[in-house]
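What you see is a predicted model; the values in this text were computed from it and never measured.
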Amino acid sequence: MTTTVGHVTSDTTVLLKRSLRHILRSPDTIITTAVTPIAMLLLFVYVFGSAIRVGGGSYVDYLLPGILLVTVASGIAYTAFRLFTDVSTGIFERFQSMPIARSAVLWGHVLTSLVANLVSLALVVLVALAMGFRSGAGLLAWLAVLGILVLFTLALTWLAVIPGLTATSVDGVSGFSYPLIFLPFISSAFVPTDGMPGPVRWFAEHQPVTSIVDTIRNLFAGAPLGSTVWVALAWCVGLLVVAYGLAMRTYRRKIA
């Protein structure tokens with residue numbers, strides 16, 4: 001058992017280094033991933049911010065948690081694209097013929113996504129700090145935010161594995177992320193849900209982004225978390241479990 005685990009770990013490490021080298025040779029992928037959320041941050045704070053009422057406090061403080069989720073949603077499109085490239089160029093099949101752990105092929109891409117997205121998230125936070133974002137959160141609160149973002153990133157990354165394995169074109173593999181990027185707009189990410197029309201408000205308050213954004217926002221502000229944190233964790237863990245199960249089922253069919 002120990003040998004098997006060590007074999008999977010070593011193979012995953014090798015494939016992770018391979019994917020990271022590809023990113024280092026093309027750092028524009030991380031920059032491009034961060035450009036869209038940073039542009040949205042600038043646009044909403046400096047153009048729309050003065051017209052949006054969020055109940056006191058700085059709008060950049062209110063906005064940042066939602067922008068962080070948009071950053072992750074933007075970044076996973078590259079995960080699907082990298083996996084699609086391996087499949088379409090035949091490298092994927094070559095890996096299957098080599099004496100390596102089969103799960104290592106996917107885990108290499110998933111962990112690469114996690115590393116790349118964390119770098120993008122750090123860039124966005126640095127820009128927000130330059131724009132005036134301030135938080136009274138302590139170390140534990142920041143670690144809690146990091147943990148939630150890691151869970152959210154892993155959930156969406158495993159979801160991205162599915163089109164990465166099944167898409168037949170570049171447009172198809174990239175298009176799946178658009179609904180994920182759009183979802184924060186119908187949530188509390190940009191404006192409070194109180195002023196939304198009835199059906200829209202109901203949807204906004206019962207979809208995963210709102211509870212996750214509200215939890216991160218409360219952690220940054222040092223406010224009481226209440227039951228929101230458990231709803232956010234339930235969404236993150238639930239999405240992760242479902243996405244992982246569907247991705248592995250798709251993968252087994254692919255290599256069968």
Side-chain angles (χ1 to χ4, degrees), residues 37 54-55 61-77 79-80 103 106-107 109-111 113-115 117-118 120-121 124-125 135 137-164 176-194 196 198-251:
V54 293
D61 292 349
Y62 182 90
L63 181 65
L64 180 60
I67 294 296
L68 294 178
L69 299 196
V70 172
T71 304
V72 175
S74 300
I76 61 165
T79 302
S103 61
L106 292 187
W107 274 108
H109 283 284
V110 169
L111 294 179
S113 171
L114 182 59
V115 172
N117 276 290
L118 288 176
S120 297
L121 288 168
V124 172
V125 171
S135 170
L139 178 60
L140 289 178
W142 276 96
L143 290 176
V145 170
L146 177 61
I148 291 172
L149 290 175
V150 167
L151 283 175
F152 185 72
T153 301
L154 288 174
L156 293 196
T157 298
W158 279 109
L159 192 63
V161 166
I162 300 171
F176 93 99
S177 65
Y178 296 151
L180 299 177
I181 296 174
F182 179 74
L183 197 59
F185 287 91
I186 315 177
S187 72
S188 64
F190 296 93
V191 295
T193 59
D194 297 343
M196 297 180 180
V200 177
R201 178 178 177 180
W202 183 91
F203 176 80
E205 292 178 346
H206 293 86
Q207 58 121 319
V209 171
T210 292
S211 59
I212 297 171
V213 164
D214 288 347
T215 297
I216 295 176
R217 189 177 291 131
N218 289 336
L219 285 168
F220 279 148
L225 298 178
S227 61
T228 305
V229 63
W230 301 114
V231 177
L233 289 174
W235 272 115
C236 288
V237 174
L239 288 172
L240 176 56
V241 170
V242 172
Y244 176 79
L246 292 175
M248 293 306 296
R249 182 178 180 182
T250 304
Y251 180 55

* Ser211 versus Trp235, closest heavy-atom pair with distance -> OG-CD1, 3.4 Å
* Asked: Does CH2 belonging to Trp230 count more than 12 external heavy atoms closer than 6.0 Å?
  -> no
* Asked: With sequence neighbours left out, which residue pairs that include part of residues 148-159 fulfil the salt bridge (Lys or Arg N to Asp or Glu O under 4.0 Å) condition?
  -> none
* Looking at CH2 of Trp158 and CG of Leu106, how far apart are the two atoms once the value is rounded to the nearest 0.5 Å? -> 5.0 Å
* Approximate separation, where rounding is to 0.5 Å, of Trp107 CH2 and Thr157 OG1 -> 10.0 Å
* Asked: What's the shortest heavy-atom distance between Gln207 and Leu183, and which atoms?
  -> NE2-O, 3.1 Å
* Structure fact -> So CG of Leu146 and CG of Leu219: to nearest 0.5 Å the spacing works out to 11.5 Å
* Pair Asp194 + Arg201: basic N to acidic O under 4.0 Å -> yes
* To do: Over all heavy atoms of both residues, which pair between Val191 and Tyr62 is shortest? Give the atoms and the distance, please.
  => C-OH, 3.1 Å
* **Minimum heavy-atom distance Pro65-Val213, with the two atoms named** => CB-O, 3.8 Å
* **Considering all heavy atoms, the nearest Pro37-Ser74 contact** => CD-OG, 4.4 Å
* To do: Taking side-chain hydrogen bond (donor to acceptor under 3.5 Å, both in side chains) as the test, write out the residues that go with Arg249, two or more places apart.
  => none
* Structure fact -> The ring-ring contact (aromatic ring centres under 6.0 Å, His included) partners of Phe190 (sequence neighbours excluded) come to Phe44, Phe185
* To do: Could you give me the CA-CA distance, side-chain angles and deciding distance for Ile148 and Thr215, then say whether side chain to side chain contact (heavy atoms under 4.5 Å, CB included) is met?
  => CA-CA 9 Å; Ile148 291 172; Thr215 297; 3.6 Å; yes
* Mind checking the OG1-CG spacing from Thr71 to Leu118? Nearest 0.5 Å is all I need. => 11.5 Å
* Structure fact -> Between Ala141 and Ala137, the two heavy atoms sitting closest are CB-CB, 3.6 Å
* To do: Establish, from distance only, whether the side-chain atoms of Asp214 and Thr228 form a donor-acceptor pair under 3.5 Å.
  => no
* Quick one: do Phe220 and Asp61 satisfy side chain to side chain contact (heavy atoms under 4.5 Å, CB included)? Show the steps, please. => CA-CA 8 Å; Phe220 279 148; Asp61 292 349; over 6 Å; no
* Asked: Between atom CG of Leu154 and atom CG of Leu149, what is the distance when rounded to the nearest 0.5 Å?
  -> 11.0 Å
* Structure fact -> CG (Leu156) and CG (Leu239) are apart, to the nearest 0.5 Å, by 7.5 Å
